[in-house]
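Here the structure is laid out as structure tokens; the discussion comes afterwards.
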Amino acid sequence: MSVAMLWVVSPNSEVSSCFGCVETVREGNRLLDAPRFTSRDRNLMCGGRFKKGKMPRRSSTSLNAEFKISSLGGSTSDNGGNFSVVSSMVANPAGELTVSSEQKVYDVVLKQAALVKKQLRSSEDYEVKPDIVLPGTLSLLSEAYDRCGEVCAEYAKTFYLGTLLMTPERRRAIWAIYVWCRRTDELVDGPNASHITPSALDRWESRLDDLFKGRPFDMLDAALSDTVAKFPVDIQPFKDMIEGMRMDLRKSRYKNFDELYLYCYYVAGTVGLMSVPVMGIAPESQATTESVYNAALALGIANQLTNILRDVGEDARRGRVYLPQDELAQAGISDEDIFSGKVTEKWRNFIKKQIKRARMFFDEAEKGVTQLSSASRWPVWASLLLYRQILDEIEVNDYNNFTKRAYVSKPKKILALPIAYAKSVVSPSRTLSPLVKA
């Protein structure tokens, strides 16, 4: 993912958080008493890079568009570019029908949307649960949220500025979610990623279970534990993100877009499902809850596809190819061609088609941003517009994503802020069109 998590794991499985506390992830060693913290001003120890309703069953992320859909798949072309279309059922090598990646994801969307609708039925307004204050804990919890805000401000400056327009409760909750995602990603992408094993991820997931039960391990876990107690957030997207980390440990190739789509959901689409319950849906919105979640999911997929296209060269140097193998073969491109890092006409044509797909996901995501509560739209619009511009920069670099890293310049970032704000004050449209996967 494109976010950084400040957290390192040593070979003996001790976890040193860059926020000034040391802990173990060995099973049975939960910190039951108040965590011991050092000064919040201590320097960071490390850095990092950071779907029952009436909705159609086929709709978790895709794209309305120009692509022709058949019941079990199909394709269409635009300027010679073919995209496979995946239905809710696909055939495995043995000829058996299995559930596609998009259906698996849509089931998660439905579950999360049901939680939110249940919460909305229980309250006329979207209010958070009040704090349950225990002696000696309020200051620690406030400190935990403040630290999460500091991390967000340091590593996601534009998004952080947008969160300042949110209500205090929503703002702090988003910070807590952001930091947990950073820490999770850093397990497999950080400087000590070579020491991470599947067992370590299993322990991290066990720790997540405890967090959702109100038994946090450390200060930063306490912030998220408080957040999930107040908002109708389901644990499944968090577990799915950890599953994405497991995929990174065992998988470096994706045979088709169905496989890649599931990976993109795990590591990035999950963030949208985590965040919508906190950000809230505008009271005046007439869109279905499921459609708003689908749009949030589309934004996560778009962001991750953009990451992949930006980081082709970096990933290749680690022996990884996050591009659909069947589409590469159709374009006449091999892994060796990617490792050689030569920009050819075949490569340009291939990347043009991948960029088109990513932009279609961004198009779907934009329809959902307007449905969010008014105070939550600006940071999402800012993030969306800036990320989308990375695709423009890849084009500016003549599709050389081997040796040139596409990035958005500071002046362009500054210019995007008022544009994002102007978009954020637009009232929600009455409906959202169903998403159709391409």
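The model shown is predicted, which means the values in this text are computed figures rather than measured ones.
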In this structure, are over 12 heavy atoms from other groups packed under 6.0 Å from Phe212 atom CZ? yes

Between Phe257 and Arg357, is there a cation-pi geometry (under 6.0 Å to ring centre, at most 45° from the normal)? yes

Within 45° cone and under 6.0 Å: Lys251 NZ/CZ vs Tyr254 ring: yes

Strictly distance-based, threshold 3.5 Å: is any side-chain N or O of [X] a donor or acceptor partner for the main-chain N or O of [Y]?
X	Y	answer
Ser275	Gly272	no
Asn401	Arg310	no
Arg170	Leu165	no
Ser424	Tyr421	yes

Does one side chain, of Tyr322 or Asp311, offer a donor that lies under 3.5 Å from an acceptor on the other? no

So, Tyr261 and Asn256: side-chain donor and acceptor under 3.5 Å apart, yes or no? no

Presence of salt bridge, Lys157 and Glu150, under 4.0 angstrom: no

Between the side chains of Lys255 and Glu327, is the shortest nitrogen-to-carboxylate-oxygen separation below 4.0 Å, so that they form an ion pair? no

Which residue, Asp315, Val312, Ile338, forms the side chain to side chain contact (heavy atoms under 4.5 Å, CB included) with Val321? Ile338

First locate atom CD1 of Ile301, then atom CZ of Phe362, and finally report the distance between them rounded to the nearest 0.5 Å. 11.0 Å

So, taking the atom named NZ in Lys410 and the one named NZ in Lys412, what distance separates them when rounded to the nearest 0.5 Å? 16.0 Å

Angle between ring planes, Trp180 versus Trp204, binned at 30° and 60°: parallel, tilted or perpendicular? parallel

With a 6.0 Å cut-off on ring centres, are Tyr160 and Tyr178 close enough? no

